[in-house]
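Inspection log for the structure reproduced underneath, given as structure tokens.
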Amino acid sequence: MAAIPARRPWPALLALALGAVAIGLTEFVPAGLLPQIARGTLGAEYAGSHSRAVAHAGWMITAYALGVVVGAPLIAALTARMPRKRLVVGLLVLFVLGTLASALAPTFGLLLTARFVAGVPHGAYFGAAGLLAASLLGPGKEGRGFAAVLSGLTVANMAGVPLITGLGQAAGWRAAYVAIAAVFLLALLAVAFTAPEVKAAGGSPAAELRALARPQVWLVAATASIGIAGFFAVHTFIAPITTTLAGLPAGAVVWVLAVAGVGMTVGNVLGGWYADRSLHQAILLGLTGMIVASVFVALAAGTVAGLFIGVFVLGAATFFLGPPLQARLMAVAPGSLLMGAAVNQSAMNLANSLGATLGGTVIAAGLSYRAPAWAGAALGAVGLALAMTSFALDRRVTRPNTATLEPATRN
């Protein structure tokens, strides 16, 4: 199979981004379909208590996140020597199978298993696809390479999630998962036909696992997990914030999410560009922006303009952090590039869980729907402190600032 030359990277970059679109769909669509999933798989419980069954169904989101956390380092270690294109294609095969298994699962227990399996390749995909994209763009453009792949997540949030959620509401949640599996299959074919092969840069399972023994890796992962959790503290409860604080109808939630998605897209592009100019400054700027945006949401979400401006800036600041944090983890894990890239995705999923849990806790304590935004600002401040601590350690121990690219070769 002939691959395109590395000097024409955009078809391959678009194919890799399409895989990220599908990942965004499989990760975020279930939240909008939990009532349908609960009714279809937990019928007896749903008949007794709708809210209890929906809460029970939420475990499928947790199962996916656990698959991400477990799979990212495991696959990174086991596939250290595998050529990057072959690895990406193999991961997309796992996504297709796991998503189809989710659509066909006859019981809730099997659905949980299928969601766990579908989450396993998530982190490794962003690691391998990001390395492949960075290699295609060449030295000095690593941040933009990761941003190109991560752009798929922003497109999914901006347009794909509402469309597939609407399909699931009209035709059933199983139809939504079949559609998502079809997007994964399309991405698999696109990558197979457009991406050049990229050899692993002398990696080994032992070398990849050594990254987990580096304190800086854990410190940067904690920065991502805690700092970005502030976004999820707000985003998880955007529906009641929209209807209760801003007084908008439920139908306006889709538009609020769309504006947040536009902010994510803008932030991702700018973050990739800035990361290639100054990695440390990009992280500090993104975390500071998240703190400011969270405070703004807490103060101004009671007005329509304040809500839309706040979610746009918060989405932009959060996804501005994506490329530089990805590059930072690779920089502090020399010789363990795939592990560094994959751990970032585990950290992001921990951020999702932490933010949603803390946001729900402050609401359950009787505080208003402004409380998750204040909690988000506090989390962002902790993340900023961790980032500054990490940079201080850099000044004590000389480390490379950028990851070594892997050479692209023809098939």
Side-chain angles (χ1 to χ4, degrees), residues 17 20-21 24 27-28 126 143-162 223-224 226-238 241-242 246 252-301 303-328 344 347-348 351-352 355 359 372-377 379-381 383-384 387:
V21 170
E27 183 175 14
F28 294 112
F126 281 104
R144 275 166 278 187
F146 281 104
V149 176
L150 290 172
S151 67
L153 284 179
T154 67
V155 171
N157 279 282
M158 190 166 48
V161 171
T223 301
I226 297 174
I228 292 180
F231 166 80
F232 291 105
V234 175
H235 194 264
T236 302
F237 301 99
I238 199 65
I241 289 172
T242 299
V253 173
V254 173
W255 295 105
V256 175
L257 290 173
V259 169
V262 173
M264 295 174 196
T265 302
V266 173
N268 180 64
V269 173
L270 294 177
W273 173 81
Y274 208 113
D276 290 333
R277 295 175 63 86
S278 177
L279 193 55
H280 287 194
Q281 287 184 14
I283 293 172
L284 295 177
L285 181 61
L287 287 168
T288 302
M290 282 192 62
I291 296 169
V292 172
S294 296
V295 171
F296 183 86
V297 170
L299 295 174
T303 68
V304 174
L307 175 63
F308 277 96
I309 293 171
V311 298
F312 175 88
V313 177
L314 184 59
T318 303
F319 274 72
F320 180 94
L321 276 169
L325 281 175
Q326 186 88 76
R328 173 68 175 161
N344 190 50
M348 297 295 184
N352 191 342
W374 288 116
L379 288 167
L384 181 61

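Sequential numbering from 1 along the given sequence is applied to the chain's residues.
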Between Tyr274 and Gln281, the two heavy atoms sitting closest are OH-OE1, 3.2 Å
Closest non-hydrogen contact found for Ala246 with Thr242 is CB-O, 3.3 Å
Note: Gly271 and Pro324 closest approach over all heavy atoms is O-CD, 3.8 Å
For Ala17, the side chain to side chain contact (heavy atoms under 4.5 Å, CB included) test, sequence neighbours excluded, returns Ser151
For Pro372 and Gly359 the tightest heavy-atom approach is CG-O, 4.0 Å
Side-chain polar contacts of residues 288-296 - donor-acceptor pairs under 3.5 angstrom, sequence neighbours left out - could you list them?
residue : atom : partner : partner atom : Å
Thr288  : OG1  : Leu284  : O            : 2.8
Ser294  : OG   : Met290  : O            : 2.9

Between the CE atom in Met264 and the CG atom in Leu314, the distance rounded to the nearest 0.5 Å is 8.0 Å
| Beyond-backbone contact of Phe320 with Asn268, side-chain heavy atoms, under 4.5 angstrom | no
When rounded to the nearest 0.5 Å, the distance separating OG1 of Thr265 from CZ of Phe312 is 9.0 Å
Heavy-atom closest pair (Ala156 atom, Gly24 atom, distance to 0.1 Å) is CB-CA, 3.9 Å
Which of Leu287, Leu321, Ile228 passes side chain to side chain contact (heavy atoms under 4.5 Å, CB included) with Thr223? It is Leu287
Value for CZ (Phe231) from CZ (Phe319), rounded to nearest 0.5 Å, stands at 6.0 Å
Contacts of Ala301 meeting side chain to side chain contact (heavy atoms under 4.5 Å, CB included) (sequence neighbours excluded), chain-then-number -> Ile241, Leu245, Val297, Leu307
Scanning both residues in full, the closest heavy-atom pair of Ala224 with Leu325 reads CB-CD1, 3.9 Å
